[in-house]
Amino acid sequence: MPHSYSRATKAHEDSANAIRLQKVLAQAGFGSRRKCEQIITEGRVEVDGELVTELGSRVDPTSQKIRVDGSRIHINNRHITLALNKPKKVLSTMDDPKGRFTLRDIIGDKYERVFHMGRLDYDSEGLILMTDDGELSQHVMHPRYEVAKTYIATLEGKIGGNVCRRLVTQGVRLDDGQISLDHCAIIDQSREHTIVKVVLHSGKNRIVRRIFGAIGFPVTRLVRTQIGPIKLGDVKPGSFRVLSSTEVKSLEKEVGL
């Protein structure tokens with residue numbers, strides 16, 4: 001039966017090394033935990049020659065043969081995590097049928113299993129984190145862990161400090177609910193524009209643009225400079241760097257790993 005193990009296979013569940021199958025796939029670089037669960041339920045995974053579609057299944061990757069689409073997987077204990085500076089007019093995807101520039105055009109083919117943790121809209125710039133660690137990705141993107149994100153936004157018009165304070169203390173109501181900023185500070189301004197630094201935890205689509213647009217100050221440029229403890233630093237637009245082990249550990253700590 002595809003939904004059950006044989007006795008020999010079930011015996012491995014009591015092993016000290018037994019972990020959930022979807023976690024094994026995530027560690028092997030097959031994407032987020034949710035993506036790995038989809039791979040299992042689609043009937044693409046075999047353990048010791050048996051088809052497994054049950055999400056609660058536990059396996060011992062040190063002694064069992066696990067295959068996806070017929071190919072044996074190898075656990076990656078040395079994950080790679082990147083900090084990429086996305087320019088404007090680049091899609092936050094790995095491929096595009098219309099031939100537009102994507103994140104793959106920036107990182108090339110060296111990191112085949114790397115995928116992005118979150119997105120920036122087409123006209124926004126700045127930090128995108130990428131990894132081949134499915135468990136880290138799931139935690140970074142999950143609303144439960146509320147990873148703070150920092151942006152530098154250029155606004156049309158001149159706003160006062162009272163506007164920033166109100167966005168922090170009272171927030172603004174959008175179509176999908178009330179939202180507040182964690183921090184808002186004016187960096188520079190003229191008659192025509194204001195540059196502000198904002199911090200918030202929400203990962204909703206185009207949230208910074210929507211917040212300021214709702215109060216009559218459209219965003220003309222938006223750059224994300226930090227995600228949790230990870231800063232963009234001096235990475236040039238269209239480039240990336242590999243995070244140090246210290247940076248990765250600080251990010252893992254931030255998201256409860």
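Throughout, numbering of the chain's residues begins at 1 and tracks the sequence.
In plain terms, the two heavy atoms of P229 and S250 that are nearest each other are CG-OG, 3.5 Å. Shortest non-hydrogen contact noted between L232 and G126 is CD2-CA, 4.2 Å. The shortest non-hydrogen separation linking S32 to F115 is N-CZ, 4.0 Å. Of all the heavy atoms in P87 and P237, the pair that sits closest is CG-C, 4.0 Å.
Hydrophobic clustering (ILVMFWY, side-chain heavy atoms < 4.5 Å, transitive): V168 and F217 are in one cluster. V199 and V147 end up in different hydrophobic clusters when Ile, Leu, Val, Met, Phe, Trp and Tyr side chains are linked at under 4.5 Å. Criterion: ILVMFWY side-chain heavy atoms under 4.5 Å apart, direct or through other members. Under it, I187 and V208 are not part of a common hydrophobic cluster. L21 and I73 fall within the same hydrophobic cluster, defined by Ile, Leu, Val, Met, Phe, Trp and Tyr side-chain heavy atoms under 4.5 Å apart, directly or through other members. With hydrophobic clusters built from ILVMFWY side chains whose heavy atoms lie under 4.5 angstrom apart, I211 shares a cluster with I186.
Checked by atom type and distance alone, the side chain of D132 never pairs as donor or acceptor with a backbone atom of H79 at under 3.5 Å. Looking only at distances, a side-chain donor or acceptor of T41 sits under 3.5 Å from a matching main-chain atom of E37. Between the side chain of T194 and the backbone N or O of I159, at least one donor-acceptor pair lies under 3.5 Å. Put simply, the side chain of K236 never gets that close to the backbone of D234: no donor and acceptor are under 3.5 Å apart. Formation of a donor-acceptor pair under 3.5 Å by the Q64 side chain with backbone atoms of P61 is not found in this model. Within the 3.5 Å criterion, the main-chain N or O of I80 finds a donor-acceptor partner in the side chain of T131. The backbone N or O of G56 lies less than 3.5 Å from no partner atom in the side chain of Q22, so there is not a single donor-acceptor pair.
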Practice item. Step by step, work out the side-chain contact (heavy atoms from CB on, under 4.5 Å) result for K23 and Q138. Key: CA-CA 11 Å; K23 184 174 181 179; Q138 183 193 40; over 6 Å; no

Check your understanding: After noting the C-alpha distance and the side-chain angles of S239 and I106, does the key distance pass the side-chain contact (heavy atoms from CB on, under 4.5 Å) rule?
Key -> CA-CA 6 Å; S239 301; I106 296 176; 5.8 Å; no

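With values rounded to the nearest 0.5 angstrom, H201 atom NE2 is found 14.5 Å from Y145 atom OH. Atom CD1 in I40 sits 7.0 Å away from atom OG in S57 (nearest 0.5 Å). One distance of note links OG of S71 with CZ of R44; it measures 10.5 Å at 0.5 Å rounding. Within the model, atoms OG1 of T246 and CG of L251 stand 12.5 Å from one another, a figure rounded to the nearest 0.5 Å. Distance CD1/I207 to CG/L174: 5.0 Å, rounded to 0.5 Å. Rounded to the nearest 0.5 Å, atoms CD1 (I195) and CG (L155) are 9.0 Å apart.
Contact of the L51 side chain with the V45 side chain is not registered, since no non-hydrogen atoms from C-beta on lie closer than 4.5 Å. Residues F212 and V196 form a side-chain contact, since some pair of their non-hydrogen atoms from C-beta on lies under 4.5 Å apart. Under the 4.5 Å side-chain criterion, counting only non-hydrogen atoms from C-beta, T154 is not in contact with V219. The closest side-chain heavy-atom distance from V235 to L84 is not below 4.5 Å. Within the 4.5 Å cutoff, the side chain of I215 has heavy atoms near those of the V163 side chain. For the pair R191/K158, no side-chain contact is recorded, criterion being any heavy-atom separation below 4.5 Å from C-beta on. In this structure the side chain of I107 reaches within 4.5 angstrom of the side chain of M130, judged on heavy atoms. Looking only at side-chain heavy atoms (C-beta outward), L129 and I230 come within less than 4.5 Å of each other.
Contacts classified as side-chain hydrogen bond (donor to acceptor under 3.5 Å, both in side chains) and involving residues 204-231 (residues at least two apart or in different chains) are given here: D121-R209, S124-R209, E125-R221, Y151-R224, D176-R210. Residue pairs meeting the side-chain hydrogen bond (donor to acceptor under 3.5 Å, both in side chains) criterion with at least one member in residues 84-93, sequence neighbours excluded, are K89-D123. Listed by first then second residue, pairs satisfying disulfide (SG to SG under 2.5 Å) with a partner in residues 114-192 read C164-C184, not counting sequence neighbours.
Applying the 4.5 Å side-chain rule to ILVMFWY residues, one finds Y122 in the same cluster as L91.
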Please tabulate, one pair per line, all N/O donor-acceptor pairs under 3.5 Å involving side-chain atoms of residues 98-105, not counting sequence neighbours.
unit_1	atom_1	unit_2	atom_2	d
R100	NE	D96	OD2	3.0
R100	NH2	D96	OD1	3.2
T102	OG1	M94	O	3.4
T102	OG1	R104	N	3.3
R104	NH1	G108	O	2.9
R104	NH1	Y111	O	3.2
R104	NH2	E112	O	3.3
D105	OD2	T102	N	2.8

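Of the candidates T150, I128, L127, L127 is the only one forming a side-chain contact (heavy atoms from CB on, under 4.5 Å) with I227.
With salt bridges taken as basic N to acidic carboxylate O contacts below 4.0 Å, none links K65 and D48.
The side-chain contact (heavy atoms from CB on, under 4.5 Å) test applied to K249 returns E252, not counting sequence neighbours.
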